[in-house]
Trainee: 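The structure's right below; bear with me while I get my questions together.
If you read the sequence from its start, that first residue is 1, and numbering goes on from there. Remember, it's a predicted structure, so these values are computed and weren't measured experimentally.
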Amino acid sequence: MVIKLLPDQLINQIAAGEVVERPSSVVKELVENSLDAGASHVKVALEKGGKRAMRVIDDGEGMTATDLALALQRHATSKIASIDDLQRVLTMGFRGEALPSIASVARLDLASKHATADHGWSVRVRRGEVSDPEPSPVRQGTRVSVEDLFYNVPARRKFLRAERTEFNHIDLLLRRFALARFDVAFELEHNGKSVSALPPVTDDMEQERRLQRVMGKEFLEHVIPIDEDRGGIGLHGWVAEPRYNRAQADRQFFFVNGRAVRDRVIAHAVRSAFQDVLYHGRHPAFVLFLQLPPEAVDVNVHPQKHEVRFREARMVHDFLFSSLHRALAATGSGAVRPGAGLITEEDSAVRAERSGFGAEVNQRGISLPVREQLGAYAQVLGVGQASGLSALSRQGEQNGEEASHEEIPPLGFAIAQLHGVYVLSQNKHGLVLTDMHAAHERITYEQLKTRYSEGEIKGQRLLVPLDVQVSETEANLAETRFDDLAGLGLVVDRSGPESLLLREVPALLSRSDAAQLLRDVLSDMGSMGHSERVESETNEILSTMACHGSVRANRQLTLPEMNALLRDMERTERSDHCNHGRPTWVQLDMATLDRLFLRGR
């Protein structure tokens, strides 16, 4: 076959295959150009979900007649001029391929007026042919009209979905832009009808209103603000507490230097931070902004710029994880919304007796088998039994003695136990119901993790070393990362080009599939540079131990024990949920109780 140069039209159509997947791809490129031009108002008008027509109108800086013609040439851009600019990209777009690529697969009209010009200019593109610029009465800014997407590429047009589906993609896209740029007004119109209009944000109240419009009112009711800045990296935004979660990952927006991205390092850090607090199969909700020096991130790894590559991926991962983990840890029962107020009555035991519950709740304490279980687990970890429920009664008595001199704690003071399952307590705002097993499970789990992490991971020698078959790459990795593997409790020797001899495994994981564990750890090290596989599986075992070692349903607790449980919850990180993701307590405030009984009506 003879090598020959491709015609420009075909080159543009090939480029369009990378840039333009569907109508939302076109809108994305055009809106990014509007934002780069300094627009304060962007309007998107669609016909038939964008399949028939798309118009993006902005009030940005605009272009001259000369700029209009150049903008439709491949690799023509005002956003980069040298390799240094490419390494420090500060704009949304920069490749200079979007407009000519779009024009090669659709009918495109471009009109613009520069801020310094007396009038605007317009050009048209049909089948790759660009018309001469003509005067146009357009206002300052730019208007791009795209019609009949893929009209000349029938095979691509067949892959477009229904009108509603394509519209939903564009609607979600504009939601992302609205979150990324609070200072810009966004307007969406479909088939001649206004769908949404978001004014620019000028204060915190308007910012909250836009956040509610995009994320929903319930998200705001459970939101946790994030504001971290360390070592030149910043993370700010909002994350919903775990009890607000979704069946789909449709409320997750992450921005790197203002650009919406999808990245496996980011995804892994978020999943790790939410580990042990989300019910299985559920997804967290968040709007997060990561700021770091432009030279520390490469945004030129994907034609549509959906993905990025971090120069220091490990550092970014650890920063994200620690920031989110700390924020979620602060949502424990000691920092919940009920607040605090001064106690004006006697301690909780006296109030319980006055309310008629005293005789009923003064029942037998924790049974011996539970204490024995905790003692057995404590011996495994090398700690004393004082960390178990045997200390609850003493703590509760101390809390009761000091109650009259302290503020009402967030979870209040116990007044009763319901069916041996729920602890009822009264705080300043009303009634709190606590699932005693779920709550104590979280407390025990966090104690076990702390005690286990304070010492080195203890290894257990295998009586017969295990021969593990791996790839040559994995064998080389195990040889070079010997010390790292040993730190995880995995002691291995190389026994051949594609085989390893596993001599020692973590003590807590001695009954697991050691060969598969080693392969998984090596896989993580190869792809992520590190592995949390041992920690993850260790936490699974600690979780099981905590479940078995926690107070069970139908165990009758005394008032001091119930109060001690509440106080432990307030001191424990992430105590709003057990380690399986179930909520541990709910608040019924007085307004809610009044509505139930129609008081004040």
Side-chain angles (χ1 to χ4, degrees), residues 221-222 224 241-243 277 326-355 357-358 361-362 365-366 386-418 421-447 450 550-551 557-578 582-593:
E221 293 174 350
H222 297 85
I224 304 169
E241 58 183 357
R243 67 180 58 205
V277 294
R326 185 162 44 251
L328 293 173
T331 65
S333 306
V336 293
R337 281 157 297 286
L342 294 177
I343 291 180
T344 56
E345 301 181 24
E346 297 83 357
D347 62 43
S348 59
V350 174
R351 283 181 295 165
E353 292 176 358
R354 286 187 173 185
S355 63
F357 290 109
V361 299
N362 189 16
I366 305 305
S387 61
L389 279 174
S390 57
L392 281 179
S393 183
R394 295 194 302 274
Q395 295 172 3
E397 291 170 357
Q398 294 172 1
N399 291 336
E401 292 172 358
E402 300 172 358
S404 59
H405 304 291
E406 298 178 350
E407 294 182 343
I408 297 177
L411 294 180
F413 295 105
I415 55 177
Q417 186 179 12
L418 182 63
V421 177
Y422 301 103
V423 172
L424 279 63
S425 58
Q426 174 181 308
N427 66 359
K428 179 181 179 181
H429 294 268
L431 178 68
V432 178
L433 288 87
T434 301
D435 183 328
M436 64 184 194
H437 172 73
H440 194 240
E441 186 176 5
R442 166 60 71 180
I443 294 168
T444 307
Y445 177 56
E446 293 296 335
Q447 290 176 345
T450 299
S550 299
V551 57
L557 305 183
T558 63
L559 271 177
E561 288 172 333
M562 285 187 270
N563 279 314
L565 179 66
L566 299 178
R567 301 296 81 78
D568 276 347
M569 288 177 63
E570 293 161 354
R571 288 189 291 266
T572 301
E573 292 184 351
R574 304 188 295 176
S575 59
D576 286 353
H577 295 78
C578 75
R582 293 196 301 112
T584 58
W585 65 276
V586 294
Q587 170 84 58
L588 296 177
D589 58 22
M590 293 303 296
T592 301
L593 295 172

Trainee: Side chains of W585 and D576: donor-acceptor distance under 3.5 Å anywhere?
Mentor: yes

Trainee: Is the backbone N or O of H429 less than 3.5 Å from a side-chain atom of D589, with the two atoms forming a donor-acceptor pair by type?
Mentor: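 Not at all, since once roles are kept as given, no pair shorter than 3.5 Å links the two residues.
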
Trainee: Given the rule in the side chain to side chain contact (heavy atoms under 4.5 Å, CB included) test, do L424 and Q417 qualify, once you have shown the distances and angles that lead to the verdict?
Mentor: CA-CA 6 Å; L424 279 63; Q417 186 179 12; over 6 Å; no

Trainee: Roughly how far, to the nearest 0.5 Å, is OG1 of T572 from CZ of R567?
Mentor: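 Here the interatomic distance stands at 11.5 Å.
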
Trainee: Do you know the tightest heavy-atom contact between S425 and G412?
Mentor: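 Heavy-atom minimum between the residues: CB-C, 4.4 Å.
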
Trainee: Hey, could you give me the OH/CG distance between Y422 and D435, rounded to the nearest 0.5 Å?
Mentor: 5.5 Å

Trainee: Can you give me the closest heavy-atom contact between R442 and R574, atom names plus distance?
Mentor: NE-O, 3.2 Å

Trainee: In Å and rounded to the nearest 0.5 Å, what is the NE2 to CZ distance from H577 to R582?
Mentor: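 Here the interatomic distance stands at 10.5 Å.
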
Trainee: Would a 4.5 Å heavy-atom cut-off, applied to side chains only, mark V423 and L418 as touching?
Mentor: no

Trainee: Calculate, to the nearest 0.5 Å, the distance between atoms OG1 and CG belonging to T584 and L411 respectively.
Mentor: 8.0 Å

Trainee: From L566 CG over to F413 CZ, what is the distance, rounded to the nearest 0.5 angstrom?
Mentor: 9.5 Å

Trainee: Find the distance between CE (M562) and CE (M436) and round it off to the nearest 0.5 Å.
Mentor: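 Those atoms lie 9.0 Å apart.
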
Trainee: Which atom names give the shortest non-hydrogen contact between A438 and C578, and what distance separates them?
Mentor: O-CB, 3.4 Å

Trainee: Looking only at atom types and distance, does a side-chain atom of E446 sit under 3.5 Å from a main-chain N or O of I443, one as donor and one as acceptor?
Mentor: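 Pair absent, no side-chain N/O of E446 close to backbone of I443.
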
Trainee: Restricting to side-chain contact (heavy atoms from CB on, under 4.5 Å), what partner residues turn up for L593, sequence neighbours left out?
Mentor: L431, L588, M590, L596

Trainee: Just wondering, do L328 and I224 contact through their side chains at under 4.5 Å, heavy atoms?
Mentor: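 They are in contact (side-chain heavy atoms under 4.5 Å apart), so the answer is yes.
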
Trainee: Run N427 and Q587 through side chain to side chain contact (heavy atoms under 4.5 Å, CB included) and show every step you take.
Mentor: CA-CA 9 Å; N427 66 359; Q587 170 84 58; 2.7 Å; yes

